[in-house]
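Per chain, numbering begins at 1; letters A, B, ... match sequence-line order. Note that these values count all heavy atoms, side chains included, but never hydrogens, waters or copies made by symmetry. Computed from a predicted model, the values in this text were never measured in an experiment.
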Amino acid sequence: MSTSTLNSVTDASGRPGASVTTRSGLSFVGVLRSEWIKLWSLRSTVWSFALVIVVSVGMALLIALASRLDQSGVAIPPEAQVGYVVTASTVGIFFAQMIVAVLGVMSVTGEYSTGMIKSSLTAVPKRLPMLAAKGVVVFVATYLVGLGSILAAYLMASLVLAQSDISAGLAEPDMLRGLFAGPLFLALIAVFALGMGTVFRSTAGGIATVLGILLVLPIVLGLIPAEWATSASPYLIGNAGPEIVASSGFSEVKEGWQNLLIVLGWVAVSSVLAALLLKRRDA
Amino acid sequence: MIQAQALSKRYGSKTAVDSIDFTVQPGKVTGLLGPNGAGKSTTMRMVVGLDRPTSGSVIVNGKPYREHKAPLREVGVLLDAKAVHTGRSAYNHLLALAATHGIPAGRVREVIELTGLESVARKRVGGFSLGMGQRLGIAAALLGDPATLILDEPINGLDPEGVQWVRHLMRHLAAEGRTVLLSSHLMSEMALTADHLIVLGRGKVIADAPVDAIINSGGRSTTRVRSPRAAELAALLANPAVIITGLEPDVLEVVGLSPAEIGDAAARSGIALHELSALRGSLEEAYMALTQNEVEYRTGGSNDFVAADLATSEPQEAAR
């Protein structure tokens, strides 16, 4: 360290915090901005979101190509055409849910593993505003990226399918539903994962639990030959989630909004648990 | 100003902090000293609400930390140089903390300059040395231009120039009327930096007094005597209240007599003295004496020397 720096210490601290205005204070908007900066200043965020787009577009390409081979030479009714385009545009979302689940968990467990959480909670000692801000930021960022990736996937699918004379406008009800509910599904999964990450405080534990609940639990319940297992199955977040985006016709819970409520229920439980534990535990 | 009242923290059956009372005054540097496991870090964590006290309370500038409208402007804290996400740049780390309080980016650049981090500000913190991590931690603590600073082992990992810089900065901040509380294992550093010491041992306050008072009370006043007739002189001074140690054939260290008394006794018997020097007690000695019985993990040996007397002979400052 040079002498000039030593001098500048004296100079600068001689008129301390000239730019720290008396108006500055802790506010929720400030905490939101802080979390937004935190999210986007990590390379892992950029990579994860880039992967979401790549996976969505890639899957759209694969499915569109497969549909084209399937349907060569046969005229397709318009309703079915919409089905093809919607499927091709949204199928990537179900793979992308794993990426945003990991992102959601790590947005908080990354703070625990590095010790950053101590800085964060010192800046926001009431704690819950930090968790709420993280939730909002993760939700909004994931929603926007999800929306972009579905639009990109739609363009890719349309481009490929157009060669087989299959097309569907964005304004078709099913397409619109996919366009807006797909990102919603992704964003809710990310917030659910954020809650579980806060509960577990460890990346490995959080990711294992979230992916277990999302992907393994539906399979396990499906294998149990009991009536309760069959009737409970539609209420799993892993089964209800995809139903928000497009009805499969297999679920007993038919309406999209009912499935949305189920998913919101899981998100609420995860968030409330996270809030209680964050508030109570020592950091 | 930091005021703790009957502050306690238990982890299961283990008591980390045992009903301590203390006040950290503005305008001076207060050192929090104690062996490992004495409760220093736990105490600091409770001040800023990271750990919840099991009982008792601690307030900063008149309120519990979390009740403040702008906590970062009340208290700047360095608890752990590694309380930073390793994947983020120093600049973005500070910017994110500043954003919570609406502190402008200009202030972020100011503290980066203040701590000498300009050249690495855009680099990811994961590659930082311990010393750079400390500087970043100090930069974060200074962000809100706080009235109170709490720094846990701030000179850990700093090079000699960095140590000098921190000492200079702490003294400067205290001179501006701020409250400065820092912990360190390096007693010699405390002697140079702190005005006042709070010594913790096994979760209790075992001394709370100005640095000078602790040095004078804890350090045994020892006199070094060099004489060609050292053995004779030793026999002459022998007394149950006096401890004489022969270091070399012609050198004695005498505890329990003043240099004047030793010199007079030697003169009366016509013994020549080649050296007669009072060894001032050091903070190290005082600290060792204070904490001898309070060390949690002791390496062996026992010494019941003065710790008990000191706690009573150095009256704790009443909380104001």
From the options A:Thr122, A:Val124, A:Ile37, select the one residue that forms a side-chain contact (heavy atoms from CB on, under 4.5 Å) with B:Thr100.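 Single pass found, and it is A:Val124.
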
Starting from the C-alpha separation in whole Å, work towards a yes-or-no answer on side chain to side chain contact (heavy atoms under 4.5 Å, CB included) for A:Thr114 and B:Arg88. CA-CA 11 Å; A:Thr114 56; B:Arg88 202 171 276 130; over 6 Å; no

Closest non-hydrogen atom pair, [X] against [Y]:
X        : Y       : result
A:Ala123 : B:Leu97 : CB-CD2, 4.2 Å
B:Ala96  : A:Ser34 : O-OG, 2.7 Å
A:Ser41  : B:Asn92 : CB-ND2, 3.5 Å
A:Gly25  : B:Arg73 : N-NH1, 4.2 Å

Any donor-acceptor pair under 3.5 Å linking the side chain of A:Lys126 with the backbone of B:Arg66?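 Pair found, side chain donor or acceptor close to backbone of B:Arg66.
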
Side chain A:Ser119, main chain B:Ala83, donor-acceptor under 3.5 Å: yes

Residues 207-214 of chain A, side-chain donor-acceptor partners within the protein, below 3.5 Å, at least two apart:
unit_1: A:Thr209; atom_1: OG1; unit_2: A:Gly205; atom_2: O; d: 2.6

Which of B:Gly137, B:Gly131, B:Ser89, B:Ala99 touches chain A most, by non-hydrogen pairs under 4.5 Å: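 Most heavy-atom pairs under 4.5 Å with chain A: B:Ala99.
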
Which bit of A:Arg127 comes within less than 4.5 Å of chain B, counting heavy atoms only: side chain, backbone, both or neither? side chain

Any residues in residues 50-63 of chain B near chain A, with a heavy-atom distance under 4.5 Å, and which are they? B:Leu50, B:Asp51, B:Arg52

Could you state the interatomic distance from NZ (B:Lys69) to OG (A:Ser27), rounded to the nearest 0.5 Å?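 B:Lys69 atom NZ to A:Ser27 atom OG measures 12.5 Å (nearest 0.5 Å).
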
How long is the span from the CZ atom in B:Arg45 to the CG atom in A:Leu121, to the nearest 0.5 Å?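 The CG atom of A:Leu121 is 10.0 Å from CZ of B:Arg45, to the nearest 0.5 Å.
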
Atom group of [X] that falls short of 4.5 Å from chain A, counting heavy atoms:
X       : value
B:His68 : neither
B:Tyr91 : neither
B:Leu95 : both

Crowded around B:Arg10 CZ? As in, over 12 foreign heavy atoms under 6.0 Å?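 No, because the 6.0 Å sphere around CZ of B:Arg10 holds 12 heavy atoms or fewer from other groups.
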
More than 12 heavy atoms of other residues, nucleotides or ligands under 6.0 Å from CZ of A:Phe95: yes or no?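 Counting other residues, nucleotides and ligands, CZ of A:Phe95 stays at 12 neighbours or fewer.
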
With sequence neighbours excluded, give me every ring-ring contact (aromatic ring centres under 6.0 Å, His included) pair touching residues 30-54 of chain A. A:Trp36-A:Trp40, A:Trp40-A:Phe49

Less than 3.5 Å apart, which donor and acceptor atoms pair up between the side chains of residues 119-130 of chain B and the rest of the protein, not counting sequence neighbours?
unit_1: B:Ser129; atom_1: OG; unit_2: B:Met132; atom_2: N; d: 3.2

